[in-house]
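Structure record follows, encoded as structure tokens.
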Amino acid sequence: MDKTNEYSKDEQLKPYRADHYNKNLTTNQGVPVSHTDDSLKAGSRGPTLMEDFHFREKLTHFDHERIPERVVHARGFGAHGYFQAYEPMTEFTRASFLQDPSVKTPVFVRFSTAIGSRGSADTVRDVRGFATKFYTKEGTYDLVANNIPVFFIHDAIKFPDLIHALKPEPHNEIPQASGAHDTFWDFVASTPETAHMVLWLMSDRAIPQSFRMMEGFSVNTFRFFNNQGKAHFVKLHWKPVLGTHSLVWDEAQKLAGKDPDYNRRDVWDAINRGDFPEFELGVQMVKEEDEFNFDFDILDATKLWPEEVIPVKKIGKMTLDRNVDNFFAETEQVAFHPGNVVPGIDFTNDPLLQGRLFSYLDTQLIRLGGPNFHEIPINRPIAPLHNNQRDGYHRMTIDKGRVSYFPNALQGNSPHPVPDQEGGYVHYTEKVEGRKVRERSKSFNDHYRQSKIFWNSMSPIEKQHIIEAFHFELGGVMDKQVKQRIVDMYNNIDGHLATQIAMGIGATPPANPSKADVSDSSPAVSQENTIKTAKTRQVAILAENGVNFSEVNQVMNALNSAGLHCHIVSSKQGMITGVDGQQLEVNKSWLGAGSVMYDAVYVPGGRQSVDQLMQLGDALHFINEAFKHAKTIGATNEGVDLLTTSQIKGAKTAGKDTHAQLVKDQGVLTIQNAADMGNHNQEGYFSQEFINAIAQHRHWERANQKKFIPA
Ligand code: HDE
């Protein structure tokens, strides 16, 4: 039985949809409009008349269409879906949406970048926001998460400083959506607690391949507590079913030009295709009595809880299955708040969280124009809402009667508080005592141990990418002292890392490179150990007139049936004709496509097609660039000639004399003299081996990936 709450979010939005009104054009007063292309004038060449109410209303509304963008996380993308628990969590929390696996709780998710403006590119180096609204029967719960598990700072009072330093510099508003400038790195060098998150920010995590392939972390420590008042400290996680995967930096930069909407388009298209993004909800739990049993403070948001030490228990799954109808009404106006919790979930004394509890509602009051933004359809709870709050800008509710106070006798004391036993929210009865001090807990003072563990956990290629990211970012810093201070700061983490950073930015390597004094690692933080699947991956098929139609067809069928998607890329959009006269629709021309938009490339045979491709710089560049980005490349029969003409010559390709022999060389797959490409998904056949190679995500073993091997 589908137990979705009776009023789905969709139902709630219905009365507000313009298509529910009639088809006639009207004014905001509902007056039918007869003409909207010319203003009312005194003579056809005369001045516009003030009394033209339609003109005035249309222009006035337009003039006020923009609201302030979010001060951070301005660029976002939202989708609807539902959440289902795996098992009753009664032992740990009374939260109603975590009890019954048959209940589908509606959700709305907004993914975002943190620093760029609303119109900036998707693929910039940045932390990603991953905010979820659960419209539960006991009120709305917001899990306002990021894709990096730690934060830059300990205490929210430093947030304005951090963001001022990271946003474009105030005198010239440069650079957009980038940390590659002096003020950010000056702040970092002066604030050692940033070291851990900055290392994550320099890692591949900060350039996710897709919002569908990214983890989410609560960062802050919350509390679960059950009906008996027994509590656990918790950190929450989203684990993507497709694994956690990233772009490479060169690709991310090119995508920012080729398709600045790359990540949002990916989610939009995936949902429209039925490839619904899925994330498992995980929880790490620490008993109250174990609060001080770790070598880090569990309330310090610059520290993660190693998954090997405190395992992540998977407690449910979220599926995003519906795109928004209107970006502004839903994605732009949605307001998340870590303070929106439901019975069974509470806060802790994490000082970053405490500050967040103030900031979100405060910023939303100005961004959404007053205290009634909870009445905007996307923000309305599906749980019934009843209180004595009244009036204010944009009030939608028509409260009846004369009673707006409590207690009252005139209305039978309604609305009245709900006792704890009947579901009323109560805070966990934590004992708190202390002197009033403006101080940082000494238990927060170790800034480097977990940074070392993160560095130790990276694979060689991940380490290399981190060093390159430092080179790029610090390459944008003009002040030499700032660069040097960063080198010195990272020498506290790893001497080799600091030396490598220095060597790429013209700074002096540390005189005494620090020796590795922490040998721990956490395999869970390396993306090398993530889930690997080819499902939903996109393949570009390069073809011109004269392509071998049956070959393309066999491979496309095999890829489609394994859940991948193909685009034919050719000189012109329209149709191309295969050798046997059959026609194939082109999806993208060379002008619109780029290898950076795909996970893999396939070149089918057909003499005429391949001869043309070999003359085309675009086609050769496509192959070379995909190879540079460590992507899977496949070619069959004559298609192999395009690879041998390109600069990927280091790769072994099937020779013409080889009899139907599949050659696999570091993610380059070729076969000649083959008629059966295997559209039946069997090992050993080209199609299946091609799919297996795509599932690897990238082929870092290629020689061109290794610029220097960090120790
Ligand atoms: Fe936020 N953050 N933040 N943040 N944050 C906002 O609220 C803030 C922090 C996060 O898609 C703002 O409505 C302070 C951590 C996301 O609409 C603002 C601190 C994490 C989003 C704000 C933090 C986040 C925001 C701006 C303490 C990860 C976008 C607009 C240092 C767990 C939500 C708004 C959306 C948005 C303040 C730190 C995640 C200004 C003071 C840690 C995903 O209120």
Side-chain angles (χ1 to χ4, degrees), residues 67-79 107-118 126-133 140 142-167 187 191 193-194 196-197 200-201 205-206 208 211 214-222 234-238 263-264 267 299-305 324 327-328 330-341 347-348 350-369 373-374 376 378-379 440 444:
I67 60 172
E69 65 174 36
R70 289 164 173 80
V71 58
V72 285
H73 295 267
R75 182 172 177 80
F77 196 68
V107 298
F108 184 75
V109 170
R110 184 174 179 273
F111 302 109
S112 52
T113 51
I115 287 305
S117 293
R118 241 190 90 174
D126 198 355
V127 57
R128 299 298 186 281
F130 186 155
T132 308
K133 243 179 210 311
T140 301
D142 289 350
L143 173 51
V144 195
N146 274 348
N147 80 326
I148 289 179
V150 289
F151 203 64
F152 293 107
I153 47 175
H154 288 140
D155 191 313
I157 199 168
K158 286 172 82 82
F159 193 63
D161 299 301
L162 164 75
I163 302 304
H164 285 173
L166 185 47
K167 280 271 188 184
F187 180 82
T191 317
E193 73 208 58
T194 58
H196 190 193
M197 172 140 177
W200 280 79
L201 192 67
R205 296 278 179 152
F211 291 139
M214 151 181 127
E215 284 183 288
F217 304 93
S218 65
V219 178
N220 294 122
T221 303
F222 288 83
V234 297
K235 285 212 189 221
L236 294 152
H237 296 243
W238 287 118
N263 288 143
R264 54 167 67 182
V267 171
L299 301 187
D300 174 357
T302 68
K303 307 291 184 302
L304 51 76
W305 296 0
V324 297
F327 181 88
F328 181 84
E330 302 175 69
T331 310
E332 193 58 15
Q333 293 201 109
V334 68
F336 296 93
H337 181 12
N340 290 343
V341 288
F347 316 114
T348 63
D350 168 349
L352 198 76
L353 173 60
Q354 295 279 323
R356 291 180 75 201
L357 296 180
F358 166 75
S359 184
Y360 289 69
L361 174 59
D362 183 46
T363 194
Q364 285 150 11
L365 286 171
I366 179 110
R367 183 168 72 81
L368 297 167
F373 62 83
H374 61 282
I376 297 171
I378 194 70
N379 294 324
R440 186 81 49 93
F444 284 31

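Whatever order the structure lists them in is the order used to number ligands and atoms, beginning at 1. The structure displayed is predicted, hence computed values, not measured ones.
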- [ ] Flag the pair Glu193 / Arg440 as yes when at least one side-chain heavy-atom distance between them is below 4.5 Å, and no otherwise.
- [x] yes
- [ ] Could you label the plane-to-plane angle of the Phe217 and His237 rings as parallel, tilted or perpendicular, counting under 30° as parallel and over 60° as perpendicular?
- [x] perpendicular
- [ ] Would you give the length of the straight line joining atom CD of Glu332 to atom CG of Leu368, rounded to the nearest 0.5 angstrom?
- [x] 8.5 Å
Task: Shortest protein heavy-atom distance from atom 11 (O) of ligand 1, along with the residue and atom involved - done: Arg110 NH1, 2.6 Å
TODO: Answer with yes or no whether Ala145 contacts ligand 1, where contact means a heavy atom under 4.0 Å from a ligand atom.
DONE: yes
Open item on the list: Yes or no: does Ser218 have any heavy atom under 4.0 Å from an atom of ligand 1?
Closed with: yes
Task: Proximal atoms of ligand 1 relative to Leu352 (non-hydrogen, under 4.0 Å) - done: 27 (C), 31 (C), 42 (C)
Open item on the list: Distance check, rounded to the nearest 0.5 Å: Phe187 atom CZ versus Leu162 atom CG?
Closed with: 5.0 Å
- [ ] Look at atom CD1 of Ile67 and say whether more than 12 heavy atoms of other residues, nucleotides or ligands are closer to it than 6.0 Å.
- [x] yes
Task: Protein N/O/S count near atom 1 (Fe) of ligand 1 (criterion: distance under 2.8 Å) - done: 1
TODO: If you have a sec, work out which protein heavy atom is nearest atom 13 (O) of ligand 1 and how many Å separate them, to one decimal?
DONE: Gln364 NE2, 3.0 Å
- [ ] Answer side chain, backbone, both or neither: which part of Lys158 comes under 4.0 Å from ligand 1, heavy atoms only.
- [x] neither
Open item on the list: I'd like to know if the side chain of Ser218 pairs up with that of Asn220 as donor and acceptor (distance under 3.5 Å, no hydrogens or angles considered).
Closed with: no
TODO: Only heavy atoms count here, so choose which of Phe108, Phe111, Phe151 is nearest to atom 42 (C) of ligand 1.
DONE: Phe151
Open item on the list: Quick test: of every protein heavy atom, which one is nearest to atom 40 (C) of ligand 1, and how far off is it to 0.1 Å?
Closed with: Val71 CG1, 3.5 Å
TODO: For Val219, take its heavy atoms, then give the atoms of ligand 1 lying under 4.0 Å from any of them.
DONE: 28 (C), 32 (C), 42 (C)
Task: ligand 1 N/O within reach of Thr363 N/O, cut-off under 3.5 Å - done: no
Open item on the list: Is there a side-chain contact between Phe111 and Arg128 in this structure, where contact means two heavy atoms from C-beta onward sitting under 4.5 Å apart?
Closed with: no
Open item on the list: Heavy-atom count check: over 12 atoms from other residues, nucleotides or ligands less than 6.0 Å from Phe327 CZ?
Closed with: yes
- [ ] For Arg70, counting its heavy atoms only, list the atoms of ligand 1 lying under 4.0 Å from any of them.
- [x] 17 (O), 30 (C), 35 (C)
